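Residue numbers start from 1 in every chain, and the chains themselves are labelled A, B, ... in the order their sequence lines are given, proteins ahead of strands. Because the structure is a prediction, the values reported are computed rather than measured.
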Amino acid sequence: MNLKSFAQLVYDQTILIPRGKVSTYLEIAKALDSPHSARAVGNALNKNPYAPQVPCHRVIKSNGEIGGFANGPKNKIAILKREGVEIINNKIDLKKYLYECKAKR
DNA sequence: CATATGACACTAT
DNA sequence: AATAGTGCCATAT
């Protein structure tokens with residue numbers, strides 16, 4: 001088994017997301033070779049013991065919606081805007097801001 | 001080991 | 001397009 005817990009891998013991947021970009025739970029799950037673990041990814045970020053070190057606010061749903069956040073999605077939107085990400089109708093243009101972690105390992 | 005929970009995703013209606 | 005139902009995986013109890 002992995003030396004790190006699934007959650008640990010999620011944090012490590014989330015930290016790699018550059019400022020001004022976002023990623024999705026599904027994309028992260030794929031990066032971890034578990035394309036069906038989107039839910040588990042969300043669980044890991046929910047615990048997020050590394051916050052705010054881990055930019056969990058840069059992780060959104062695969063359909064471009066913000067999803068849920070501990071302090072409420074409203075706070076998250078404000079942060080993303082400050083990062084340079086444009087939020088439209090509480091949604092993000094994945095075509096423009098989705099960060100693809102191709103450079104995995 | 002079984003059940004319940006959760007920051008999701010997909011398909012059907 | 002919007003809503004509901006189902007599937008999926010990792011943790012907690």
Side-chain angles (χ1 to χ4, degrees):
Chain A
M1 68 178 276
N2 294 331
L3 299 176
K4 299 181 180 186
S5 297
F6 188 87
Q8 193 71 53
L9 297 175
V10 173
Y11 307 139
D12 195 38
Q13 178 59 47
T14 304
I15 291 169
L16 298 178
I17 302 173
R19 174 181 173 282
K21 291 242 176 179
V22 297
S23 185
T24 70
Y25 302 100
L26 188 61
E27 285 294 314
I28 291 174
K30 289 183 191 172
L32 301 180
D33 290 311
S34 296
H36 293 276
S37 305
R39 212 174 224 175
V41 172
N43 268 347
L45 290 175
N46 182 8
K47 296 171 184 177
N48 192 10
Y50 291 83
Q53 181 180 6
V54 174
C56 47
H57 57 266
R58 290 181 190 153
V59 184
I60 60 175
K61 301 215 300 186
S62 67
N63 70 330
E65 291 182 40
I66 305 300
F69 286 98
N71 291 342
K74 187 177 180 183
N75 184 22
K76 175 178 185 188
I77 293 170
I79 297 172
L80 287 172
K81 278 185 165 187
R82 180 151 48 90
E83 298 272 303
V85 177
E86 186 175 24
I87 313 285
I88 300 175
N89 197 13
N90 292 337
K91 289 180 186 157
I92 299 176
D93 296 326
L94 296 177
K95 299 292 185 185
K96 297 176 183 176
Y97 298 105
L98 178 60
Y99 165 68
E100 302 178 72
C101 30
K102 298 178 181 179
K104 187 185 64 148
R105 67 170 198 251

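Here the P atom of nucleotide C/dT13 and the CG atom of A/Asn43 are 13 Å apart, to the nearest Å. The distance from atom CD of A/Glu65 to atom C1' of C/dA1 is 12 Å, rounded to the nearest whole Å. Rounded to whole Å, the distance from CD on A/Glu27 to P on B/dA9 is 10 Å. As rounded to whole Å, 12 Å separates atom C1' of C/dT13 from atom NZ of A/Lys47. Summarising the geometry, the separation between CG on A/Asp33 and P on C/dA10 is reported as 12 Å, rounded to the nearest angstrom. Here C/dC9 presents its C1' atom at 15 Å from CD1 of A/Ile28, a figure rounded to the nearest Å. Between the CG atom of A/Asn63 and the C1' atom of B/dA7 there is a distance of 13 Å, rounded to whole Å. What separates CG of A/Asn89 from P of C/dA1 is a distance of 12 Å, to the nearest Å.
Taking every heavy atom of both residues into account, A/Lys76 and A/Cys56 meet most closely at NZ-O, 4.3 Å.
Comparing C/dC8, B/dA7, C/dA10 by their nearest atom to the side chain of A/Tyr25 picks out B/dA7. In the set B/dA7, C/dT11, C/dC9, the nucleotide with an atom closest to the side chain of A/Asn46 is B/dA7. The side chain of A/Ala7 lies closest to C/dT11 when the candidates are B/dA9, C/dT11, B/dA7. With C/dC9, B/dG6, C/dT11 as the choices, the nucleotide that has an atom nearest any side-chain atom of A/His36 turns out to be C/dC9. Closest contact between the side chain of A/Phe6 and the listed nucleotides B/dA9, C/dT11, C/dC9 involves C/dT11.
In this structure, CD in A/Gln13 is found 13.0 Å from CD in A/Gln8, a value given to the nearest 0.5 Å. Taking NZ from A/Lys61 and CG from A/Leu94, the interatomic distance works out to 12.0 Å, rounded to the nearest 0.5 Å.
Across all strands shown, A/Ser5 has heavy atoms under 4.0 Å from sugar-phosphate atoms exclusively, and none from any base. Contact annotation for A/Ala29: no contact, since no heavy-atom pair falls under 4.0 Å across all strands. Residue contacts for A/Leu45: at a heavy-atom cut-off of 4.0 Å it reaches a base atom on one of the strands shown. Within 4.0 Å of A/Ala40, counting heavy atoms only, lies at least one base atom of the nucleic acid.
Of the possible polar contacts, one joining the A/Asn63 side chain to the A/Glu65 backbone as a donor-acceptor pair under 3.5 Å is found. Between the side chain of A/Tyr97 and the backbone N or O of A/Ile87, no donor-acceptor pair lies under 3.5 Å.
Taking 4.0 angstrom as the limit, A/Ser62 places a side-chain polar atom (N or O) nearer than this to OP1 or OP2 of B/dC10. A sub-4.0 Å separation between OP1 or OP2 of C/dC8 and a side-chain N or O of A/Ser37 is absent.
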